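Everything on this sheet refers to the single structure shown next.
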There are 2 protein chains.
Amino acid sequence: MLTNERHDYILRMLEEKKTVKLQDLVEVTDASESTLRRDLTELESMGKLERVFGGAVLPGRNLQEPSMDDKSTRNLKEKKSIAEYAASFVQEGDSVFLDAGTTTLQMITFIKDKNPVVVTNGLPLAVALNEAGITTYLTGGMLKPRTGAFVGAGALAALGAYHFDICFLGVNGIHADYGYTTPDPEEAAVKKKAASHARKTYILADHSKVNKVSFATIINLQDAALIVDGVPAETLQEYNKITTVKVVEK
Amino acid sequence: MLTNERHDYILRMLEEKKTVKLQDLVEVTDASESTLRRDLTELESMGKLERVFGGAVLPGRNLQEPSMDDKSTRNLKEKKSIAEYAASFVQEGDSVFLDAGTTTLQMITFIKDKNPVVVTNGLPLAVALNEAGITTYLTGGMLKPRTGAFVGAGALAALGAYHFDICFLGVNGIHADYGYTTPDPEEAAVKKKAASHARKTYILADHSKVNKVSFATIINLQDAALIVDGVPAETLQEYNKITTVKVVEK
DNA sequence: TGCTTATGAATGATTATGATTGATTTTGGA
DNA sequence: TCCAAAATCAATCATAATCATTCATAAGCA
């Protein structure tokens with residue numbers, strides 16, 4: 001069976017069944033496991049499918065879910081590691097700002113025994129903080145449906161009333177030349193203001209954000225430290241010029 | 001069965017039945033208890049469901065109510081009737097304030113087709129409003145764990161920036177002599193300030209609140225209308241002295 | 001021939017799974 | 001109410017499945 005034939009077959013099978021197992025493909029196509037793995041990898045890089053453990057599924061088929069959930073599944077483990085490491089900087093009784101985002105969300109588990117007072121602009125975070133029994137303040141403001149973040153004049157005004165011992169922000173991209181970037185200007189404004197009211201600011205990012213700069217707003221942050229996972233040493237050199245970098249070990 | 005298939009199955013089952021038992025999943029999916037427990041744990045960490053003893057439920061549902069199912073299910077039918085009736089006063093495009101509370105929560109279903117802009121101080125309400133696709137503002141402030149209400153200086157300051165066409169408040173007791181009462185002074189302050197920024201205010205209460213005055217703070221509200229259900233005519237006479245009373249018919 | 005590409009097999013690593021254990025929670029009866 | 005039984009739970013472990021990587025072979029082509 002030709003390579004293209006296999007590819008077509010896989011895609012047609014996916015269309016039909018929405019999901020396909022590698023072992024089934026082996027039986028039907030008479031190709032080896034290795035070959036079919038390569039097929040799947042290739043088709044994935046073309047965006048035609050999404051690999052999962054044991055096979056593949058149609059891409060983006062949980063787009064029906066709020067976009068937050070999609071993102072939260074991606075790199076979840078890395079995010080948890082980063083969150084745990086970041087949480088180690090929080091001290092007993094600190095006043096903490098947690099940015100809206102999936103990585104900061106993961107931090108809640110790791111800080112709840114430190115009796116922090118937490119301010120956030122994230123709706124899901126407020127829910128989780130409440131459940132965790134943490135003293136919680138929310139900035140308020142206009143709710144962005146896609147991200148569950150509160151932004152706008154209301155959020156900015158509320159931030160003016162607080163001061164934080166420590167502040168944790170998520171970003172969408174990090175680049176040695178452009179610095180930190182995030183797609184939404186309103187969310188960028190909130191991040192900036194939060195950082196300006198904090199004694200110390202940490203930026204959280206998994207490796208997928210490194211050297212990425214999408215259509216985005218640049219956030220100018222002085223004195224912020226960057227926490228990332230699994231980035232090669234030579235890449236780090238570049239960033240050390242512009243910020244303190246802390247790498248999460250596995 | 002692929003991991004993703006199980007996850008999808010669980011979520012679809014949840015969508016349908018609102019709740020799912022672990023044992024049922026074991027029977028249907030042919031996976032072990034351990035595996036399904038892991039599935040549930042993972043889905044929970046993604047915020048797609050909430051684990052309960054014996055299975056899982058859709059998220060948010062039980063956060064809407066402080067701690068006891070008791071309170072939320074108590075008089076639920078009456079609350080829905082009151083909510084539906086109250087919602088009939090909302091007009092297309094109105095700016096609406098919804099107080100934190102279970103009755104106001106029920107209103108969301110009934111106002112979402114009127115394209116309102118809603119301001120609330122209730123965490124569960126913000127979640128529900130977001131899900132309903134309604135433009136949502138939240139006051140922010142300090143979160144009261146028991147009730148999910150935001151109160152304090154932050155909440156009051158935020159309210160100063162809004163004006164409402166219509167305002168709906170819940171109370172804990174109504175008495176012909178003492179007026180409206182609620183146990184928490186901070187929540188009382190929020191209610192009062194919200195009402196003072198509204199063109200028209202409605203108080204929602206089921207019959208269990210009538211002639212009740214617990215250890216409570218009195219809320220002085222001018223020009224507010226009272227919406228109650230199933231109260232005898234002679235009781236009504238008393239209240240007409242102090243407010244406009246509207247009774248929900250069954 | 002020399003070069004590229006596709007393939008399959010083998011490897012050690014990673015991940016998912018199911019069974020077991022003892023702890024926790026709920027249930028039901030005294 | 002209190003206590004004991006049953007159900008459910010989290011944690012751990014060993015096993016099985018799946019994975020990425022490497023290497024060697026074979027086929028196609030100038």
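Within every chain, numbering begins at 1; the chains are lettered A, B, ... in the order of the sequence lines, protein sequences first and strands thereafter. Quantities reported herein were computed from a predicted structural model and do not represent experimental measurements.
Note: CZ (B:Arg6) to C1' (C:dT15) measures 12 Å, nearest angstrom. What separates CG of A:Asp24 from C1' of D:dT18 is a distance of 14 Å, to the nearest Å. Atom pair B:Arg38:CZ and D:dA11:C1' shows a separation of 10 Å (rounding to whole Å applied). For the pair B:Lys21 NZ and D:dA7 P, the computed distance is 13 Å after rounding to whole Å. The separation between A:Glu33 atom CD and D:dA16 atom P is 17 Å, rounded to whole Å. Distance A:Leu2 CG to C:dT7 P: 8 Å, rounded to the nearest Å. Taking atom CD of residue A:Glu50 and atom P of nucleotide D:dC19, one finds them 14 Å apart after rounding to whole Å. Between B:Leu22 atom CG and D:dA6 atom P the separation is 20 Å, expressed in whole Å.
For A:Ala126 against A:Thr136, the heavy-atom pair with the smallest separation is CA-CG2, 4.4 Å.
Taking a cutoff of 4.0 Å between a charged side-chain nitrogen and a carboxylate oxygen, A:Lys114 and A:Asp94 do not qualify as a salt bridge. Classification of B:Lys144 and B:Glu186 as a salt-bridged pair holds, one side-chain N sitting under 4.0 Å from a carboxylate O.
Comparing A:Phe53 and B:Arg51 along DNA chain D, the residue whose closest nucleotide (by nearest heavy atom) sits nearer the 5' end is B:Arg51.
Here A:Gln23 does not reach the OP1 or OP2 of D:dA17: none of its side-chain N or O atoms lies under 4.0 Å away. The phosphate of C:dG18 (OP1 or OP2) has a side-chain N or O of B:Ser32 nearer than 4.0 angstrom. For the OP1/OP2 pair of D:dT12 and a distance below 4.0 Å, the side-chain nitrogens and oxygens of B:Arg37 include no atom meeting the criterion. Contact between the side-chain N/O atoms of A:Thr35 and the OP1/OP2 oxygens of C:dG8 is found at a separation under 4.0 Å.
Here A:Thr3 lies in heavy-atom contact (under 4.0 Å) with sugar-phosphate atoms only. Nucleic acid contact for A:Val52: sugar-phosphate only, since backbone atoms but no base atoms lie under 4.0 Å from a heavy atom of the residue.
The line from CG of B:Asn4 to NZ of A:Lys18 is 15.0 Å long, rounded to the nearest 0.5 Å.
Between the side chain of B:Asn121 and the main chain of B:Phe150, a donor-acceptor pair closer than 3.5 Å is present.
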